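Data first, discussion second: the structure below is written as C-alpha cells.
Since this is a predicted model, take the numbers as computed values, not measurements.
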Amino acid sequence: MVTIRLYDTSARQIRDFTPLVPGCVSIYLCGATVQAPPHIGHVRSYLNFDMLRRWFTYRGYDVTFVRNVTDIDDKIIRKSADQGRPWWSIGYENERAFNDGYNALGCLPPTYEPRATGHITEMIEMMRGLIERGHAYEADGSVYFDVRSYPEYLSLSNQELDNLQQPAEEGITGKRDPRDFAMWKASKPGEPDWETPWGRGRPGWHLECSAMAHKYLGEAFDIHGGGLDLIFPHHENEIAQAKAFGDAFAAYWMHNAWVTLSGEKMSKSLGNSVLVSEMLKHWRPIVLRYYLGTPHYRSMIEYSEEALREAESAFARIEGFCQRVVEKAGGTVEPAAQVPPAFAEAMDDDLGVPQALAIVHTTVRQGNSALAADDKEEAIARLAEVRAMLGVLGLDPLDAHWAGEADRGEELHGAVDTLVRLVLEQREAARARKDWATADAIRDQLTQSGLVIEDSPSGPRWTLGPR
C-alpha cells in the first residue's frame with residue numbers, strides 16, 4: 001500500500017495513515033439529525049467523505065463505511081408536537097429526503113446506516129458499564145457522564161475544563177457538576193420513551209454514536225469524521241464515553257469545513273439554508289457535486305450564485321471535451337487503469353482534490369490540443385486518463401450513474417442541434433454570398449442566446465456557453 005497522509009484533528013497535524021488492519025479501512029461518519037430536509041451544507045460532509053472512501057478503494061483498501069441517522073432528539077420531538085404528527089413520521093420523511101439528496105449527487109451508499117432508535121439495547125449496555133466503572137451516574141431518571149472522572153476530557157477541542165460551559169440542555173436536573181452531560185434523558189409526558197434499569201426515557205445525542213460505532217466497528221476503528229461544528233460537544237463527549245467504557249475508539253479524526261452564507265455557517269436555525277431539493281430544480285446534480293466536492297474538505301465554501309455558475313462553466317469544459325472525443329472515437333472510451341501520478345500524489349496528500357482537479361484540467365487542455373491537431377489517438381489517451389480521474393471523484397459524466405441525466409440532455413441537445421443547424425446553414429449561405437453583415441448578425445444572435453459558435457475546418461460547431 002502507498003502512504004496516504006491525512007490531517008488528524010486530535011494530533012493537529014497531517015499524519016501518515018496506518019490502518020489498524022492491513023488492507024482495510026473502517027470509517028464512522030456522523031450522519032443526519034432528521035428533523036428537517038437537507039441543505040447543501042449537510043450534503044457537503046458526506047460528499048467529502050464519499051471522495052475519501054472512493055480514494056481508499058482506488059488505492060486497494062477494503063472500506064467499511066458507517067453513517068448513522070439520529071432519528072430522535074429535542075427538535076424532532078418539538079416538531080412532532082407543533083405539527084401534530086408522530087415523531088417517527090417526521091424522522092422517516094426527512095431521512096428519505098437526505099438519501100434522495102445523497103443519491104442524486106452520486107454518493108455511494110454506506111456499508112451500514114444504523115438508526116439511533118434501533119440501538120437502545122447497546123446504549124443501555126454502555127451506560128451500565130460506565131456507571132459500574134464510576135464514570136456515570138443516575139439522577140432523577142436521567143443518566144449523566146461525570147466529566148471529571150475522565151482526565152483526558154476536552155483533549156480533542158483543546159479546552160480547559162475549568163473554563164468550560166456545556167451547551168444548555170432543556171429540562172436537565174440532578175447534575176453533580178453543570179459540565180456533566182446527559183447520556184439518557186428521563187421521560188416527559190407525551191414524549192417517546194424506552195424502558196431502562198433507571199426508568200423510562202430516551203437517548204441523549206452523544207451516546208448513540210459511541211454505542212453504534214462500538215457495535216459496527218468494534219472497540220477500535222480507523223477514522224471518525226464529521227463537520228467542524230461537531231468537535232465540541234458531540235465528538236468530545238463521544239470520546240469520553242467510548243474510552244471510559246474501555247474502547248480505543250477512533251485512531252484518526254477528520255473534520256470538514258462548512259458551507260457559509262454571508263460568512264455564517266449554513267444552518268436551519270439561522271434561516272440561511274439552501275435546500276438540496278430546491279437546488280436540484282435549478283442546477284444539474286453533477287454540477288452541484290462539482291461545486292460542493294472539489295474545494296478542499298478543510299476549506300470553507302462561501303455560497304453564491306456566481307460561484308455556482310463558475311463551477312458550471314468549469315465542468316462544462318471538462319464535459320465538452322469528453323463528448324467531443326467520444327464523437328471523434330466513434331464510440332465508448334474506457335477509463336485508464338491508473339490515474340496520472342501527479343493526480344495520485346495530490347489525493348494522497350490529505351485528499352488534495354483542488355490540486356488533483358488541476359491535473360484534470362491540464363489533461364483536458366492537452367486533449368483539446370490533440371483534437372485541434374486531429375490527433376485521434378492522443379485525444380483518446382487523454383480522455384481515458386480524464387475518465388479515470390473523474391471516476392475517483394464521482395464526476396465522470398460518462399459513468400452509468402449519470403446516464404439518466406445524460407439521456408435527457410441528449411434528447412434536448414438533439415432538438416436544439418436541429419434548430420441551431422438550420423440557423424447555421426443560413427449563416428453559411430450568407431458567408432458564401434459574402435453577405436458578412438447578415439452572417440455576423442446571425443452569429444451575434446446565437447451568442448446572445450447563450451451559444452458559443454466555433455468555425456472549424458469541418459464546419460461550424462456550437463456549444464452551450466456559460467450562464
Side-chain angles (χ1 to χ4, degrees), residues 9-10 28-35 45 66-77 114-131 133 135-139 141-150 152-157 159 161 164-172 174-186 192-194 196 198 201-217 219 221 224-250 253 255:
T9 306
S10 61
Y28 186 95
L29 176 66
C30 283
T33 298
V34 287
Q35 46 109 353
S45 181
V66 180
R67 182 188 69 206
N68 75 296
V69 176
T70 299
D71 60 340
I72 186 70
D73 85 330
D74 293 339
K75 294 176 182 177
I76 294 173
I77 292 171
R115 295 189 184 102
T117 56
H119 296 79
I120 303 298
T121 300
E122 289 81 3
M123 297 183 207
I124 292 173
E125 289 175 357
M126 183 164 279
M127 285 188 288
R128 182 183 288 114
L130 288 169
I131 290 173
R133 292 170 174 82
H135 293 291
Y137 58 93
E138 181 272 337
S142 296
V143 179
Y144 301 103
F145 186 90
D146 180 357
V147 296
R148 288 195 176 276
S149 73
Y150 181 65
E152 295 179 21
Y153 187 58
L154 302 179
S155 60
L156 181 68
S157 56
Q159 298 183 79
L161 183 60
L164 178 68
Q165 288 186 336
Q166 279 276 15
E169 295 182 275
E170 187 177 321
I172 295 299
K175 283 187 180 183
R176 296 175 183 171
D177 186 309
R179 291 161 295 195
D180 293 347
F181 60 87
M183 295 191 294
W184 189 262
K185 298 183 179 183
D193 56 18
W194 289 262
T196 76
W198 313 282
R202 61 182 174 84
W205 177 28
H206 316 297
L207 178 63
E208 61 183 78
C209 287
S210 299
M212 289 189 285
H214 178 90
K215 178 178 177 65
Y216 291 95
L217 297 176
E219 296 180 359
F221 57 96
H224 196 311
L228 282 174
D229 53 316
L230 298 182
I231 293 176
F232 180 83
H234 187 49
H235 288 166
E236 202 71 81
N237 293 353
E238 280 188 60
I239 293 171
Q241 292 164 154
K243 291 197 172 183
F245 183 70
D247 288 356
F249 212 49
W253 285 85
H255 293 91

As an exercise, state the distance from [atom1] of [X] to [atom2] of [Y], rounded to the nearest 0.5 Å.
X	Y	atom1	atom2	result
Ser45	Asp229	OG	CG	9.0 Å
Ile239	Tyr150	CD1	OH	7.0 Å
Ile120	Thr196	CD1	OG1	10.0 Å
Asp180	Asn237	CG	CG	10.0 Å
Leu230	Cys209	CG	SG	8.5 Å
Phe249	Lys243	CZ	NZ	9.0 Å

Short side-chain to backbone donor-acceptor contact, [X] and [Y], under 3.5 Å:
X	Y	answer
Arg179	Leu161	yes
Asn68	Pro114	no
Glu122	Met212	no
Gln241	His206	yes
Thr9	Trp253	yes
Asp71	Thr117	yes
Tyr28	Phe221	no
Glu219	Gly246	no

Requested in this report: Quick one: do Asp74 and Arg202 satisfy salt bridge (charged side-chain N to carboxylate O under 4.0 Å, His left out)? Show the steps, please.
Outcome: CA-CA 10 Å; Asp74 293 339; Arg202 61 182 174 84; 2.4 Å; yes
**OP:** I would like to know whether Asp146 and Asp177 meet side chain to side chain contact (heavy atoms under 4.5 Å, CB included); could you show each step before the answer?
**Re:** CA-CA 8 Å; Asp146 180 357; Asp177 186 309; 5.7 Å; no
Please find the pair of heavy atoms, one from [X] and one from [Y], that lie closest to each other, and give the distance.
X	Y	answer
Pro178	Lys175	O-NZ, 3.4 Å
Glu208	Val69	OE2-O, 4.2 Å
Gly31	Arg67	CA-CG, 3.8 Å
Ala116	Met123	O-CE, 3.1 Å

Can you confirm whether [X] sits close enough to [Y] that some side-chain heavy atom of one is under 4.5 Å from a side-chain heavy atom of the other?
X	Y	value
Leu156	Phe232	no
Arg128	Val143	no
Thr121	Trp194	no
His235	Cys30	yes
Glu238	His224	yes
Phe145	Leu207	no
His119	Tyr216	yes

| task | Test the Arg148-Tyr153 pair against the cation-pi criterion, namely NZ or CZ under 6.0 angstrom from the six-membered ring centroid and within 45° of the ring axis. | result |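 No, Arg148 and Tyr153 do not form such a contact.
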Test side chain to side chain contact (heavy atoms under 4.5 Å, CB included) on His214 and Glu125; report intermediate values, then the result.
CA-CA 11 Å; His214 178 90; Glu125 289 175 357; over 6 Å; no
